[in-house]
Amino acid sequence: MGGAAHRTGDDQVGTRAWQRMLSGRRLDLLAPSPDDIEIDDIAHGLARVARWNGQTEGENVFSVAQHCVLVERIVGVLAPGIDPDERLAALLHDGPEYVIGDLISPFKVVIGDAYKAVERRLLDAIHARFALPISSPELWALIKRADSMAAFWEATELAGFDREEAAGVFGRPPVDRPPDAPLEPMPSRLAQQVFTARFDELQASRTK
């Protein structure tokens, strides 16, 4: 039997493609609307998503929320003159994972383009929700560089990699880890608060 056509709203039948958030929003993964995106939902979700599939040391998981703060701090070290919009884009670079989780890179390779398409739609909606301008290729290259550096430190300090193994996968960071970006895994509520506080700081600096 064929599946029902996708529809949004209360009359939807068949396969459901929306996620209900604690804010009450329903976020449609096939056509995500910026109006259905709230920073509290993002912070709550990212603080409860584990990096490295949870294969890290410590009583608590190292969350995507902590990772995002770490990447934004590294971007600030690599390019201290960038503006608040660009730093906010760095903080939100893994924003879609509050809905779709953090798939490890090897599994993304297995899945292929389907995951990337959903991720791209969600990231575009997040950027539209917070009125971020279209990011340049240079900014994305900077964020990717910072992301790889963060992965190196997470891998060696939390996920059991030795430095040579991590360098072969992620590259060796050219700078030391920022002292204001600790890697001690936090309880989810604290990670959520740290992420939200940094978002609020950057938002406030955008309006000055």
Side-chain angles (χ1 to χ4, degrees), residues 19 21-23 25 27-29 32-51 62-103 116-154 173 175 177-183 186 188-208:
Q19 168 70 46
M21 304 299 168
L22 284 179
S23 65
R25 300 288 189 181
L27 185 62
D28 185 345
L29 271 69
S33 169
D35 293 336
D36 290 327
I37 291 171
E38 299 290 346
I39 192 58
D40 288 345
D41 292 332
I42 294 175
H44 181 92
L46 294 185
R48 288 158 176 79
V49 175
R51 289 275 290 171
F62 186 78
S63 69
V64 174
Q66 281 189 261
H67 167 78
C68 287
V69 173
L70 175 60
V71 168
E72 188 268 328
R73 296 293 193 200
I74 297 169
V75 164
V77 171
L78 295 176
I82 67 171
D83 63 37
D85 283 352
E86 293 171 316
R87 295 193 72 145
L88 187 57
L91 184 70
L92 294 170
H93 79 281
D94 277 341
E97 294 179 8
Y98 90 102
V99 185
I100 57 178
D102 180 26
L103 299 186
K116 292 180 180 179
V118 175
E119 185 179 46
R120 183 74 253 177
R121 286 195 295 267
L122 287 167
L123 188 59
D124 287 346
I126 289 170
H127 279 207
R129 170 65 178 84
F130 301 114
L132 287 172
I134 297 175
S135 299
S136 67
E138 292 78 15
L139 175 61
W140 284 120
L142 175 65
I143 293 173
K144 181 63 178 175
R145 184 182 176 200
D147 192 46
S148 294
M149 292 167 63
F152 175 91
W153 289 317
E154 293 168 19
V175 299
R177 177 163 57 85
D180 60 347
L183 285 179
M186 299 175 181
S188 59
R189 186 171 297 277
L190 179 56
Q192 180 176 344
Q193 291 170 352
V194 169
F195 179 92
T196 302
R198 187 56 185 154
F199 175 88
D200 289 343
E201 290 171 359
L202 291 171
Q203 280 285 69
S205 65
R206 297 175 75 197
T207 61
K208 292 181 180 178

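None of these values were measured; they are calculated from a predicted model. We count residues from 1, following the sequence as given.
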When the side chains of residues 69-78 are checked against the rest of the protein, which donor-acceptor pairs come out under 3.5 Å, sequence neighbours left out?
unit_1, atom_1, unit_2, atom_2, d
Glu72, OE1, Arg198, NE, 2.9
Glu72, OE2, Arg87, NE, 2.6
Glu72, OE2, Arg87, NH2, 3.0
Glu72, OE2, Arg198, NH2, 2.9

Atom pairs and distances, donor-acceptor, side-chain atoms in residues 141-153, under 3.5 Å, two or more places apart:
unit_1, atom_1, unit_2, atom_2, d
Asp147, OD1, His67, NE2, 2.7
Asp147, OD1, His93, NE2, 3.4
Ser148, OG, Lys144, O, 3.2

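Between Trp140 and His127, the angle of the ring planes stays under 30°, which puts this pair in the parallel group of the 30/60° scheme.
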*Determine, step by step, whether Gln193 and Met186 satisfy the side-chain contact (heavy atoms from CB on, under 4.5 Å) criterion, reporting the C-alpha distance in whole Å, the side-chain angles of both residues, the deciding distance to 0.1 Å, and the verdict.*
CA-CA 10 Å; Gln193 291 170 352; Met186 299 175 181; over 6 Å; no
_Steps toward salt bridge (charged side-chain N to carboxylate O under 4.0 Å, His left out) verdict (Arg206, Asp85)_ = CA-CA 7 Å; Arg206 297 175 75 197; Asp85 283 352; 2.5 Å; yes
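Residues Ile42 and Phe199 form no side-chain contact, since every pair of their non-hydrogen atoms from C-beta on lies 4.5 Å or further apart. For the pair Phe62/Glu154, a side-chain contact is recorded, criterion being any heavy-atom separation below 4.5 Å from C-beta on. Side chains of Tyr98 and Arg48 form no contact here, defined as non-hydrogen atoms less than 4.5 Å apart. Two residues are said to be in side-chain contact when any heavy atoms from C-beta on lie closer than 4.5 Å; Ile126 and Pro96 meet this criterion. Between Ile100 and Leu29 the shortest side-chain heavy-atom distance falls below 4.5 Å.
For the pair Asp36 and Arg25, the tightest heavy-atom approach, listed with the atom from each and the gap, is O-CB, 3.5 Å. Heavy atoms only, all atoms of each residue included: Ala128 and Pro34 are closest at CB-CG, 3.6 Å. The two atoms that bring Leu46 and Asp94 nearest to each other are CD2-O, 3.7 Å, heavy atoms only. Counting all heavy atoms, side chain and backbone alike, Leu122 lies closest to Pro32 at CD2-CB, 3.9 Å.
To the nearest 0.5 Å, atom OG of residue Ser23 and atom CD1 of residue Ile39 are 11.5 Å apart. A distance of 6.5 Å separates CG of Leu139 from CD1 of Ile82, quoted to the nearest 0.5 Å. Atom CG of residue Leu91 and atom SG of residue Cys68 lie 6.0 Å apart, to the nearest 0.5 angstrom. Atom CD of residue Glu97 and atom CG of residue Leu92 lie 12.0 Å apart, to the nearest 0.5 angstrom. Note that CG of Leu190 is 14.0 Å distant from CZ of Phe195, once rounded to the nearest 0.5 Å. Atom CG of Asp28 sits about 9.0 Å away from atom OG of Ser33, to the nearest 0.5 Å.
Side chains of Arg51 and Gln66: a donor-acceptor N/O pair is absent below 3.5 angstrom, by distance only.
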